[in-house]
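Down below is the structure, laid out as structure tokens.
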Amino acid sequence: IYYIAAESIEAAERSPFLETLKERDVECLYLVDPIDEYAIQHITEFDGKKLVSITKEGLKLGDEDEKVANKRQEIYKAKFEGLTTCLKDLLSSKVSKIGIQKHPSATPAVMVTSQFGNSANMERIMRAQAFSDNNRMQHMSSQKTMEINPRHPLVIKLADIVEASPDDESTQDTAWMLYESAMMTSGFPIESPEDFAKRMFRVMSSGLAIDSLELEPAVE
């Protein structure tokens, strides 16, 4: 029995984790009441069927050849080794590891948690509690794994760029934005919206062929 915990039905519907299940016409429970997250920790199965979170790592849908799936993962790991190594070095303080999405969605990357870690929704609930504080939240936050989509054009292009110029500022900006977009689409808040905005402005200026972001002189 697959489930996803989210702030609302609308948030659950928009989740990139749901795309694979929709493609396979597999039903998924929406847990949108705060008490659901606490209750589900004590319910491992129902009527002999395991309860499985689709936002945790190691999701198995049971409709694929494991040998073929594992071989495909090995090929993708070898192909994107340069990119995953670069991302791990860059994001070492933010994620526990970089992996390959086993069930690619339409998004370039997602953030999953360990089987026994708190979901993004649970972290949101704890953060909203009156007694929460930053130090406590750091200890209670789950170890996150960033899974890249090996079939997404942005990831494929970034892998090529990393091979050519891994230390270039624009390359690192793109890598950071990939991480931050994965955090947001997976339901986690980003730590520094200011840094995200600065990187976004640099990428925008590059796309618009603007040489400098210095303000123009005031009009006379």
Side-chain angles (χ1 to χ4, degrees), residues 1-32 50-66 68-81 83-84 86-88 91 94-115 117-124 142-162 174-190 196 200 203:
I1 301 175
Y2 301 103
Y3 70 87
I4 180 172
E7 184 176 3
S8 63
I9 292 177
E10 292 74 17
E13 284 281 357
R14 293 194 301 267
S15 173
F17 296 105
L18 205 62
E19 293 174 14
T20 300
L21 273 68
K22 287 181 177 178
E23 289 175 1
R24 289 168 164 78
D25 197 27
V26 175
E27 292 184 348
C28 182
L29 289 177
Y30 294 169
L31 306 185
V32 296
K50 289 184 178 180
L51 287 162
V52 179
S53 171
I54 65 172
T55 65
K56 302 292 181 71
E57 63 182 350
L59 176 66
K60 294 182 179 181
L61 297 176
D63 63 345
E64 57 193 355
D65 188 318
E66 281 297 313
V68 174
N70 292 336
K71 183 63 178 178
R72 184 178 288 120
Q73 285 294 93
E74 290 177 10
I75 294 172
Y76 281 141
K77 284 179 181 178
K79 180 179 179 180
F80 292 96
E81 184 178 3
L83 177 58
T84 54
C86 176
L87 290 173
K88 181 59 178 175
L91 306 171
K94 308 295 182 183
V95 298
S96 59
K97 59 182 177 179
I98 307 293
I100 304 292
Q101 269 186 279
K102 192 173 183 179
H103 309 289
S105 59
T107 53
V110 293
M111 205 68 63
V112 298
T113 55
S114 65
Q115 288 296 327
N118 291 317
S119 67
N121 189 60
M122 192 62 179
E123 286 193 15
R124 178 188 63 81
S142 300
Q143 290 292 311
K144 301 174 183 65
T145 296
M146 181 178 172
E147 294 185 345
I148 59 174
N149 185 342
R151 295 169 51 194
H152 200 285
L154 288 177
V155 172
I156 296 171
K157 184 64 175 178
L158 181 57
D160 293 337
I161 295 174
V162 164
T174 305
W176 272 106
M177 289 177 65
L178 182 68
Y179 159 76
E180 288 161 334
S181 65
M183 286 284 285
M184 289 187 288
T185 57
S186 300
F188 295 99
I190 55 176
F196 173 76
M200 180 67 76
V203 172

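Being a predicted model, the structure only gives us computed values, none of them experimental.
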Could you go step by step and tell me if F196 and M184 meet the side chain to side chain contact (heavy atoms under 4.5 Å, CB included) rule?
CA-CA 11 Å; F196 173 76; M184 289 187 288; 3.8 Å; yes

Apply side chain to side chain contact (heavy atoms under 4.5 Å, CB included) to Q101 and V110, showing your working.
CA-CA 8 Å; Q101 269 186 279; V110 293; 3.8 Å; yes

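- Atom-to-atom distance recorded for L91:CG and I98:CD1 is 5.5 Å, nearest 0.5 angstrom.
- The backbone N or O of L178 sits less than 3.5 Å from a side-chain atom of S181, completing a donor-acceptor pair.
- Put simply, CD1 on I100 and OG1 on T145 are 12.0 Å apart, with the number rounded to the nearest 0.5 Å.
- At least one test fails for K94 against the ring of Y179: distance under 6.0 Å to the centre or angle within 45° of the axis.
- No donor-acceptor pair closer than 3.5 Å links the side chain of S15 to the backbone N or O of A12.
- Side chains of K60 and V52 form no contact here, defined as non-hydrogen atoms less than 4.5 Å apart.
- A side-chain donor-acceptor contact under 3.5 Å links S96 to the backbone of K144.
- Contact check for M111 versus V95: side-chain heavy atoms found under the 4.5 Å cut-off.
- For the pair S53 (side chain) and T55 (backbone), a donor-acceptor distance under 3.5 Å is present.
- Here K50 contributes atom NZ and I1 contributes atom CD1; the two are 12.5 Å apart, rounded to the nearest 0.5 Å.
- Taking 4.5 Å as the limit, some side-chain heavy atom of L18 sits within range of a side-chain heavy atom of I54.
- Comment: E13 engages K22 in a salt bridge, judged by a side-chain N to carboxylate O separation of less than 4.0 angstrom.
- Side-chain contact between V26 and L61 is absent, with no heavy atoms from C-beta onward closer than 4.5 Å.
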After noting the C-alpha distance and the side-chain angles of I148 and L87, does the key distance pass the side chain to side chain contact (heavy atoms under 4.5 Å, CB included) rule?
CA-CA 10 Å; I148 59 174; L87 290 173; 4.0 Å; yes

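- Environment of CZ in R151: sparse, with no more than 12 heavy atoms of neighbouring residues, nucleotides or ligands closer than 6.0 Å.
- At least one donor-acceptor pair closer than 3.5 Å links the side chain of E19 to the backbone N or O of A106.
- Crowding of E27 atom CD: a count of heavy atoms from other residues, nucleotides or ligands under 6.0 Å not exceeding 12.
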So E180 and M200, side chain to side chain contact (heavy atoms under 4.5 Å, CB included) or not? Walk me through it.
CA-CA 11 Å; E180 288 161 334; M200 180 67 76; over 6 Å; no

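- Screening T107, L59, V112, T185 against F17 for a side chain to side chain contact (heavy atoms under 4.5 Å, CB included) leaves a single residue, V112.
- Considering every non-hydrogen atom in both S119 and A5, the closest pair reads OG-CB, 4.5 Å.
- The shortest side-chain heavy-atom distance between T84 and K88 does not fall under the 4.5 Å cut-off.
- A side chain to side chain contact (heavy atoms under 4.5 Å, CB included) with T174 holds for exactly one of V162, I161, L158, L154; it is L158.
- The aromatic rings of F80 and Y76 sit tilted, their planes meeting at an angle between 30° and 60°.
- Here the NZ-OG1 distance, from K102 to T20, works out to 12.0 Å after rounding to the nearest 0.5 Å.
- Shortest non-hydrogen contact noted between A6 and N121 is C-OD1, 3.2 Å.
- Counted within 6.0 Å of NZ on K56, heavy atoms from surrounding residues, nucleotides or ligands total more than 12; the atom is thus considered enclosed.
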